[in-house]
Number of protein chains: 2
Amino acid sequence: MGIDALDARLIVLLAREPRIGVQEASRRLGVARGTVQARLDRLQSNGVIRGFGPEVDPAALGYPVTAFATLEIKQGQGADVRAHLSGVPEVLELHTTTGHGDMLCRLVARSNADLQRVIDLVVGFDGIVRASTAIVMENPVPLRIIPLVEQAAGDS
Amino acid sequence: MGIDALDARLIVLLAREPRIGVQEASRRLGVARGTVQARLDRLQSNGVIRGFGPEVDPAALGYPVTAFATLEIKQGQGADVRAHLSGVPEVLELHTTTGHGDMLCRLVARSNADLQRVIDLVVGFDGIVRASTAIVMENPVPLRIIPLVEQAAGDS
DNA sequence: CACTCACTGGGCACTATGCCCACCAAAAAC
DNA sequence: GTTTTTGGTGGGCATAGTGCCCAGTGAGTG
């Protein structure tokens, strides 16, 4: 576990220009193609790189509203709630957490009005005691990984 | 704006097996290669597909702890706080929200102990009045988009 | 009816891929 | 101090995919 500077440069390069292939990457990094191939294989079998799936923008799909909901769960109902929420397409991710709530989930909706429908879908379930929702207004830092990769490479 | 069933099948296919190319995709979908190419181009220029960057697992980088922090900001300090947080690599994303807090950010750390360091980094800034942190224990629903894509295709 | 638009199926040159190999240097093991 | 791994280099190879072109067709629209 751990990553060196070349790994980091490779990941950053792929993050910035995903369309380039192994050949082009080897040229940009100034190393042999075989090296890039070996690094990529290792990073993927390591699990550092999970895959290269398409990044889909919910807004472009017609779901421009994002919200985070903190849920409080009735004791022992965790599994049922998980199953229920995983069946709701508008629930993009779900975490169980410490702290005031028991779960935190990310929601999307077609509009603020539609968010009401989604929230009703989410909390309209027996195991959920209470929900508090925060609507996202701006997203000054979109989900990113590059700075972390660079830091992980720097002090490893 | 909107997506049809073929678009959805293409996105789902790419999400499940990102390594396949246009050729293979056209075979799987039973359409001509040119069609897949045209659809892909359209989805990308639409912004529906933002890109195909590598999905990096912070845990595999040595950051297995994830947390969400709700921040309360001093009036008029929003911009400064944004700039400060975007300079912290462990801040993976940042949103401004309605509700009790003013901002919500996703953090990662090397350990629970290290999380203390990260939180100090984050809140050790003038504009931040208060922070409450929820540590993620489990992630029953990892960030996903497929169900939403399928729904968007179904009722469009 | 004419027109546009998306899809088809084919062809083309070019390039990348996956997979070999021998060779080399630095680090690790003995 | 010598031997063995390990990781990188640079090259070659057949296969396959890419980007890009075209003419033809069928559906939907004005």
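Computed over heavy atoms, backbone and side chain alike; hydrogens, waters and symmetry mates excluded. Chain naming here is simple, since letters A, B, ... match the order of the sequence lines and numbering starts at 1 in each.
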Nucleotides 5-8 of chain D: which of its N/O atoms have a protein N/O under 3.5 Å away?
{"from": "D:dG8", "atom 1": "OP1", "to": "A:Arg39", "atom 2": "NE", "distance (Å)": "2.6"}
{"from": "D:dG8", "atom 1": "OP1", "to": "A:Arg39", "atom 2": "NH2", "distance (Å)": "2.3"}

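- Using a 4.0 Å heavy-atom distance criterion, B:Arg27 is classed as a sugar-phosphate-only contact.
- For the 3.5 Å distance criterion, the side chains of B:Asp41 and B:Gln37 fail to qualify, holding no donor opposite an acceptor.
- Using a 4.5 Å heavy-atom cutoff, the side chains of B:Ile49 and A:Glu55 are not in contact.
- B:Leu71 contributes atom CG, which lies 6.0 Å from atom CG of B:Leu85 (distance to the nearest 0.5 angstrom).
- Around the CZ atom of B:Arg130, the shell of radius 6.0 Å holds no more than 12 heavy atoms that belong to other residues, nucleotides or ligands.
- Sequence order on DNA chain C of the closest nucleotides to A:Arg33 and A:Glu24 puts A:Glu24 first from the 5' end.
- Ring planes of A:Phe68 and B:Phe68: tilted class, angle from 30 to 60°.
- Between the P atom of D:dG19 and the CD1 atom of A:Ile20 lies a distance of 14 Å, rounded to the nearest Å.
- Rounded to whole angstrom, the span from the CG atom of A:Leu29 across to the C1' atom of D:dG10 amounts to 17 Å.
- An OP1 or OP2 oxygen of D:dC20 is reached within less than 4.0 angstrom by no side-chain nitrogen or oxygen of B:Gln37.
- When rounded to the nearest whole Å, the span between CD of A:Gln23 and P of D:dG17 equals 17 Å.
- By the neighbour-count criterion of 12 heavy atoms within 6.0 Å, atom CG of B:Asp120 is densely surrounded, having more than that number from other residues, nucleotides or ligands.
- The CZ-C1' distance, from B:Arg19 to D:dT18, rounds to 17 Å in whole Å.
- Regarding B:Gln44, its CD atom lies at a distance of 10 Å from the P atom of D:dG19, rounded to whole Å.
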